[in-house]
Amino acid sequence: MKTSWRNASLVASAAAVLVLTTACGQEGGTSSVGSQNVGATAAAGGYGGVGSGIGTGTSPSPSSTVGGGQGNLGAQSASAGKLEVSANAELGDVLTDSSGLSLYRFDEDTAEPPKSNCNGDCATAWPPVPANDASAGAGIDKALLGEVTRADGSKQLTIAGWPAYRYAKDTKAGDLTGQGVGGKWYALAPTGKKASVASLPGLSTRNDPNLGEIVVDKNGMTVYRFAKDKAWPEPVSNCTGACLEKWPAVAPVSSNDTKDVQKKGLMSFTRSDGVKQQTVNCSPIYTFSGDKQAGDTNGQGVGGTWYAVRPNGEMVGVSDK
């Protein structure tokens, strides 16, 4: 039996309406729609005998130097334990070991097949991370963890094929003094790529020390909701004119370009001014002009109407009813 083009058109129109309704009230909906390295230079050889990186901005303590830091090097050769993801304002998500020490990759290594080309003095400055007992923590795909046999027969942890290292001059959790050293050493992102804000998905989450897990955009900037907006039966933004100068609307993001954000109600809509805006769980989302760098949350609670956003679309500190 043949279906006329008119019937087909009616079916398509009904399907489009159903998608919008499903996105905003029931089950999951969908949306429409080069990294620059920051770091230090190094002495000839590229092993990092000098580097400064983007860590705390302080000089390494004497115990962290390659010549006199046997205790520090010993600690850095320990097992990685459960790997963690740390948010950095300049680099986005950075992979760390269970002690919070940053993990790095070396441009002279290869991932396909995995091979480490850092040995001898290089491995003293950049201790290889042992593969034994390493496990994936929250936000890390355990399938990306592997190992490679080094020239000395030891097993080194790999992330998406890339051998992982610590840096001898990182002395405490959060240090990133190895970033960019020699133009060859870079902090690892949880995906095995070089850590970079530019590598973040269009929408993802990070764990803020004060607010908990919140949504961020592709630049690592905190995303907010406006309490005066509406989500049902369809998204409506009540932030217009001068409001938008302080609270720029987030542009549409493909549902495939998100991580750890609820898919239900993840969609875009057309504002009254004709501009398309992204939603999380059908609620319009914005960034804040008062946030100057990734990690800032200066918009939280402003005017009692602006709040950071949970992965499920709820406003942080406000009960949706």
Side-chain angles (χ1 to χ4, degrees), residues 35 38 54-56 80-104 129 134-145 159-160 164 166 170 172-176 179 187-225 250 253 257-264 266 278 280-281 283 285-288 290-302 306-320:
S35 66
V38 181
I54 63 170
T56 59
K82 181 175 287 188
L83 304 182
E84 300 175 353
V85 179
S86 175
N88 179 269
E90 295 182 58
L91 297 177
D93 286 345
V94 173
L95 195 63
T96 73
D97 65 12
S98 58
S99 299
L101 290 173
S102 303
L103 303 188
Y104 298 87
V129 179
S135 61
I140 303 169
D141 184 355
K142 64 180 181 181
L144 297 180
L145 275 59
I159 308 296
R166 300 181 182 97
D170 283 351
K172 59 183 179 296
D175 279 357
L176 278 163
Q179 173 65 13
L188 272 165
T191 58
K193 296 181 180 180
K194 298 174 184 178
S196 168
V197 167
S199 69
L200 290 177
L203 288 176
S204 58
T205 66
R206 72 175 182 85
N207 286 312
D208 184 85
N210 298 314
L211 303 181
E213 190 175 13
I214 58 176
V215 179
V216 298
D217 70 3
K218 64 181 180 181
N219 297 314
M221 303 300 289
T222 302
V223 163
Y224 299 90
R225 276 183 54 189
V250 175
V253 175
D257 190 26
T258 65
K259 181 180 179 183
D260 298 329
V261 179
Q262 177 178 290
K263 298 295 185 182
K264 176 185 177 182
L266 187 66
Q278 181 64 33
V280 175
N281 197 18
S283 293
I285 56 174
Y286 311 77
T287 53
F288 180 43
D291 287 344
K292 302 305 181 183
Q293 62 181 7
D296 284 354
T297 56
N298 299 317
Q300 173 65 11
V302 168
W306 291 93
Y307 300 93
V309 182
R310 296 282 185 221
N312 64 0
E314 293 181 357
M315 294 182 285
V316 175
V318 177
S319 296
D320 286 350

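- The two residues Asn312 and Val280 make their nearest non-hydrogen contact at C-CG1, 4.4 Å.
- In this structure, Asp260 contributes its side chain and Ser204 its backbone to no donor-acceptor pair below 3.5 Å.
- Shown here for Val302 and Asn298, the closest heavy-atom pair between the two residues is CG2-O, 3.5 Å.
- Residues passing the ring pair (Phe, Tyr, Trp, His ring centres under 6.0 Å) test with Tyr307, sequence neighbours excluded: none.
- Counting heavy atoms from C-beta on, the side chains of Val253 and Val261 never come closer than 4.5 Å.
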Intermediate values then yes/no, side chain to side chain contact (heavy atoms under 4.5 Å, CB included), Val316 and Asp208: CA-CA 11 Å; Val316 175; Asp208 184 85; over 6 Å; no

Worked verdict on Ile140 versus Val85 for side chain to side chain contact (heavy atoms under 4.5 Å, CB included): CA-CA 8 Å; Ile140 303 169; Val85 179; 3.6 Å; yes

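- Closest non-hydrogen pair, Gly313 versus Arg225, comes out as O-NH1, 2.7 Å.
- Counting all heavy atoms, side chain and backbone alike, Pro190 lies closest to Gly139 at CB-O, 4.1 Å.
- Within the 4.5 Å cutoff, the side chain of Ile159 has heavy atoms near those of the Leu145 side chain.
- The side chain to side chain contact (heavy atoms under 4.5 Å, CB included) test with Arg166 is passed by exactly one of Asp175, Thr96, Leu101: Leu101.
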Thr287 vs Asn219, side chain to side chain contact (heavy atoms under 4.5 Å, CB included): CA-CA, chis, key distance, verdict: CA-CA 10 Å; Thr287 53; Asn219 297 314; over 6 Å; no

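- Rounding to the nearest 0.5 Å places CD of Gln300 at 7.0 Å from OH of Tyr224.
- Panel note: side chain Gln179, backbone Ala187; a donor-acceptor pair is recorded below 3.5 Å.
- Taking the salt bridge (charged side-chain N to carboxylate O under 4.0 Å, His left out) definition, one finds that Arg310 meets it with nothing, sequence neighbours left out.
- Side-chain contact check for Tyr104 versus Asp170: some heavy-atom pair is nearer than 4.5 Å.
- Ala173 approaches Ser99 most closely through the heavy-atom pair CB-O, 3.5 Å.
- Proximity of Glu314 to Val309: side-chain heavy atoms (C-beta onward) are nowhere separated by under 4.5 Å.
- Although no hydrogens or angles enter the test, the distance criterion places no donor-acceptor pair under 3.5 Å between the side chain of Arg206 and the main chain of Gly220.
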Residues Asp97, Val129; criterion side chain to side chain contact (heavy atoms under 4.5 Å, CB included); working and verdict: CA-CA 9 Å; Asp97 65 12; Val129 179; 5.9 Å; no

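- The line from NZ of Lys259 to CG of Leu203 is 13.5 Å long, rounded to the nearest 0.5 Å.
- Nearest approach of Ala308 to Ile214, heavy atoms of both residues: CB-CG2, 4.1 Å.
- Note: Leu103 CG to Leu95 CG = 5.0 Å, rounded to the nearest 0.5 Å.
- Proximity of Lys263 to Thr258: side-chain heavy atoms (C-beta onward) are separated by under 4.5 Å at one or more points.
- Scanning for side chain to side chain donor-acceptor pair (under 3.5 Å) contacts around Gln262 gives an empty result, with sequence neighbours left out.
- Inter-residue side-chain proximity for Thr222 and Leu211 is flagged as unmet; no heavy-atom pair is nearer than 4.5 Å.
- A 4.5 Å side-chain heavy-atom check between Leu176 and Ser102 finds at least one atom pair inside the cut-off.
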